[in-house]
A.B. asks: 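Shown below is the structure under consideration.
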Amino acid sequence: MMKVMGAVRERGGSRGVRGGPLRDLTDPATYRAAAYVLLTLPVGLVVAALLTVVIAGGLLTLPLLIGAPALLGALWLVAALGDVQRAVAGVLGVRFTRPPPPAHAGVLAWLGAQLSSPVTYRTLLFHVVQLPLGLLCWLVLAALLGLALLGLAAPGWALGSAVPVMWNEWTVQPGPVAVAGLMLVGLGLLIVAGGVLNLMGRLWTRLASALLTLDAGDEAARREVVALRRAAGRVALGDDLNATLADLTTQACAASTAAQVTLHAPDGTLRASSVSDPWEGATEPPSSTPDAALPQPGEANVLPLPDGGLLAVLPVSLPASAGTLEGGTLRARYRPGVRPGEDELAFLLSIADHAGTALHAAQLIERAGARAGEQERARLARELHDSVAQALYGITLGAKTARATLERDPARTLQSLDYTIRLAEGGVSEMKALLFSLRPDALEEGGLTAALTQHAHALEARHGLRVHAELRREPDLAPDVQAAAYRVAQEALHNVVKHARAAQVWVSLAQDGPLVTLTVRDDGRGFDPQAQGRGTLGQRSMRERAAGAGGTLTVQSEPGEGTTVTLTLPAAPPAPPLPTPGAEGA
């Protein structure tokens with residue numbers, strides 16, 4: 001639904017105040033309108049004469065078989081003269097978007113296209129109304145300018161005239177005061193003529209825009225569909241909100257007749273623009289849009305601008321789950337003489353909806369990041385409390401016991417010191433394991449073998465498990481595959497601690513040609529894999545990580561026989577050997 005609002009309010013007062021009474025006389029648009037009005041009558045006469053002669057000649061000679069080609073020529077002449085009218089309308093600053101010419105297979109196809117096109121009948125209507133409307137404009141302007149010049153020339157014909165003016169029985173001899181009054185009246189009529197000319201310019205601009213606009217047809221629909229498809233893909237895959245919004249404005253401008261498209265926050269702040277210098281050359285910035293012009297959801301307001309152009313304001317709405325429905329506005333500025341249609345406004349509303357979706361997605365990502373940060377901090381707090389804090393507390397107790405028994409029971413002192421040292425080593429291992437889990441680049445620096453070693457030491461110190469680590473040389477794994485292997489090992493060892501009630505754990509890592517095998521085996525109570533179906537959440541997470549890294553995961557277990565988790569991953573291809581110095585010149 002398109003709503004056309006009234007005049008745009010300007011800063012500093014109403015439109016008629018700024019510029020004073022001589023505004024129309026100093027406005028370049030007034031003189032462009034005057035030039036166009038001067039051209040309307042001769043152009044209208046030529047167009048009317050040509051069409052009358054050709055159409056009348058075709059109708060009169062139709063029985064002679066030469067009338068049909070004449071009527072076809074008249075149909076072609078309507079379109080050709082329409083191009084002339086569009087060129088003349090350029091005097092007013094009106095520009096028309098010309099779609100690519102369609103290809104017609106023969107005269108009959110061209111005739112059918114011309115007769116079925118609404119552009120033909122609108123152009124013919126403009127040809128018909130141009131001459132009488134142009135003549136009316138000439139008569140009005142001639143009367144106003146004649147009276148204005150008569151008043152301004154009063155000193156020449158009134159004071160210099162030796163013949164008095166006779167009115168019934170009165171004899172009037174104009175004096176200086178009367179002459180001054182006549183000059184003021186002439187000046188007022190001149191100002192009125194300027195305003196009338198400006199009004200005529202707007203009238204002809206609206207008329208030319210309405211009747212001479214060329215339909216883009218299927219090409220415009222194709223551009224809009226392509227733009228919407230790209231916008232949907234950008235919103236779905238774009239991770240940079242500013243780049244996504246900028247691309248949306250660029251797509252909207254390219255697929256529409258708008259000169260500039262911008263996105264604004266609810267407070268009017270510019271978010272994105274289709275050009276590097278938004279609103280360049282505009283006489284009215286978008287921030288001065290009145291509050292009454294702000295559109296309702298699903299509607300578009302089209303506002304006139306002082307330079308003769310139009311400003312389409314469309315709402316950017318967010319879903320109800322976003323907490324607010326106000327996402328700002330999308331604003332499209334049109335050059336003078338260009339008016340958006342209902343279909344184009346619907347397309348721009350779709351772009352505005354895509355912008356709202358992008359803003360909502362950015363909000364969700366921000367909330368998810370904040371939530372993930374809170375969960376990670378809570379997990380770290382639990383880990384520190386259950387491991388490092390307990391180890392430090394045990395170290396404190398061991399040190400106090402050693403100090404209390406140092407002189408009277410040296411053997412017990414040695415036991416307390418050994419206990420304290422083991423706790424300290426376990427705390428260090430646990431802390432290193434936490435650092436490995438917190439730093440994404442820790443695996444790249446220390447490698448998978450070092451990470452699993454640290455994790456094994458932490459398990460021994462923290463849970464009293466006996467861990468047998470068979471970790472050979474560092475396998476050849478890509479960084480993302482290496483991270484997946486470490487996370488699977490973490491989850492498997494966590495399941496051992498939480499569910500298996502095991503006393504010993506065997507962790508092995510080996511590479512055999514193109515395959516790398518990671519095995520975690522325990523002597524715990526085991527379980528029945530068939531009874532659990534696809535497994536617990538931890539098992540599903542391990543399988544998804546393995547599949548994402550291009551590997552496979554198998555879980556073997558029986559009640560009372562322990563559990564074996566085997567992860568098989570593809571090794572990274574060997575790097576090509578570096579050329580030896582001097583090899584190229586050999």
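Any value given below was found using the heavy atoms of this structure, including those in side chains, with hydrogens, waters and symmetry copies removed. The chain is numbered in sequence order, starting from 1.
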A.B. asks: Residues in side chain to side chain contact (heavy atoms under 4.5 Å, CB included) with Val196, at least two apart?
C.D. replies: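 For Val196 the side chain to side chain contact (heavy atoms under 4.5 Å, CB included) partners, ignoring immediate neighbours, are Val140, Leu141, Leu144, Val192, Met200.
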A.B. asks: Going by side chain to side chain donor-acceptor pair (under 3.5 Å), name the residues that satisfy it together with Thr250, two or more places apart in sequence or in a different chain.
C.D. replies: none
A.B. asks: What residues, two or more places apart in sequence or in another chain, satisfy side chain to side chain contact (heavy atoms under 4.5 Å, CB included) together with Ala35?
C.D. replies: Val91
A.B. asks: What distance do Leu349 atom CG and Leu314 atom CG have between them, rounded to the nearest 0.5 Å?
C.D. replies: 4.5 Å
A.B. asks: What is the distance from atom CG of Leu212 to atom CZ of Arg122, rounded to the nearest 0.5 Å?
C.D. replies: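 Leu212 CG to Arg122 CZ: 8.5 Å, rounded to 0.5 Å.
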A.B. asks: Mind jotting down which residue pairs meet the ring-ring contact (aromatic ring centres under 6.0 Å, His included) criterion with at least one end in residues 28-52? Sequence neighbours excluded, please.
C.D. replies: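 Every ring-ring contact (aromatic ring centres under 6.0 Å, His included) pair that includes a residue of residues 28-52, provided the two are not neighbours, is Tyr36-Trp204.
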A.B. asks: Looking only at heavy atoms, which two atoms of Ala246 and Ala272 are closest? And how far apart?
C.D. replies: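 Between these two residues, the closest heavy atoms are N-CB, 3.7 Å.
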A.B. asks: Do any side-chain atoms of residues 128-139 form donor-acceptor pairs under 3.5 angstrom with protein atoms, and if so which ones, sequence neighbours left out?
C.D. replies:
residue	atom	partner	partner atom	Å
Gln130	OE1	Gln85	NE2	2.6
Gln130	NE2	Gln85	OE1	3.0
Trp138	NE1	Val37	O	2.8

A.B. asks: Any side-chain heavy atom of His127 sitting closer than 4.5 Å to one from Leu81?
C.D. replies: yes
A.B. asks: Look up atom CG in Leu207 and atom CG in Leu211, then write down how far apart they are to the nearest 0.5 Å.
C.D. replies: 4.5 Å
A.B. asks: Can you name the residues that form a side chain to side chain contact (heavy atoms under 4.5 Å, CB included) with Thr205, not counting sequence neighbours?
C.D. replies: Leu92, Val94, Ser209
A.B. asks: Are Leu75 and Leu115 side-chain neighbours, meaning at least one heavy-atom pair lies under 4.5 Å?
C.D. replies: yes
A.B. asks: How far apart are the C-alpha atoms of Glu344 and Tyr334, what are their side-chain angles, what is the distance that settles it, and do they pass the side-chain contact (heavy atoms from CB on, under 4.5 Å) test?
C.D. replies: CA-CA 12 Å; Glu344 182 165 317; Tyr334 294 85; 2.6 Å; yes
A.B. asks: Evaluate the criterion side-chain contact (heavy atoms from CB on, under 4.5 Å) for residue pair Leu77 and Leu51; output intermediate values, then yes/no.
C.D. replies: CA-CA 7 Å; Leu77 190 62; Leu51 290 177; 4.0 Å; yes
A.B. asks: With rounding to the nearest 0.5 angstrom, report the CG to CG distance, Asp353 to Leu348.
C.D. replies: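 So the CG of Asp353 and the CG of Leu348 are separated by 11.0 Å.
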A.B. asks: Do side-chain atoms of Ser117 reach the backbone of Val119 as a donor and acceptor pair under 3.5 angstrom?
C.D. replies: yes
A.B. asks: Start with the C-alpha gap between Asp83 and Arg86, add the side-chain angles, then the distance that decides, and say whether side-chain contact (heavy atoms from CB on, under 4.5 Å) holds.
C.D. replies: CA-CA 5 Å; Asp83 292 335; Arg86 295 181 188 96; 2.9 Å; yes
A.B. asks: Which heavy atom of Ala549 sits nearest to which heavy atom of Val481, and what is that distance?
C.D. replies: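 Looking at all heavy atoms of both residues, the shortest contact is O-CG2, 3.9 Å.
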A.B. asks: How about Val261 and Ser273: do any of their side-chain heavy atoms sit closer than 4.5 Å?
C.D. replies: no
A.B. asks: Within the 4.5 Å heavy-atom criterion, are Leu330 and Thr262 side-chain neighbours or not?
C.D. replies: no
A.B. asks: Which pair of heavy atoms, one from Phe347 and one from Ala252, lies closest together, and at what distance?
C.D. replies: CE2-O, 3.9 Å
A.B. asks: What closest approach, in Å, do Leu241 and Ala358 show between heavy atoms, and which atom pair accounts for it?
C.D. replies: CD1-O, 3.7 Å
A.B. asks: Please lay out, stage by stage, how Leu199 and Leu203 fare under the test side-chain contact (heavy atoms from CB on, under 4.5 Å).
C.D. replies: CA-CA 6 Å; Leu199 182 61; Leu203 171 64; 5.8 Å; no
A.B. asks: Do Val316 and Leu359 make a side-chain contact, defined as non-hydrogen atoms from C-beta onward lying under 4.5 Å apart?
C.D. replies: yes
A.B. asks: Specify the closest pair of heavy atoms between Gly550 and Pro570, including all atoms of both residues, with the distance to one decimal.
C.D. replies: O-CD, 3.5 Å
A.B. asks: Checking the side chain of Thr30 only, and the main-chain atoms of Thr26 only, is there a donor and an acceptor separated by less than 3.5 Å?
C.D. replies: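 Side chain of Thr30 to backbone of Thr26: no pair is present.
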A.B. asks: Supply the atom-to-atom distance Arg271 CZ to Thr249 OG1, rounded to the nearest 0.5 angstrom.
C.D. replies: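 Between atom CZ of Arg271 and atom OG1 of Thr249 there are 13.0 Å.
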A.B. asks: Quick one: pull up CG in Leu248 and NE2 in His354 and give me the separation to the nearest 0.5 Å.
C.D. replies: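 That separation rounds to 7.5 Å.
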A.B. asks: Taking side chain to side chain contact (heavy atoms under 4.5 Å, CB included) as the definition, give me every residue that meets it alongside Ala148, ordered by chain and number, with sequence neighbours left out.
C.D. replies: Leu189, Leu190
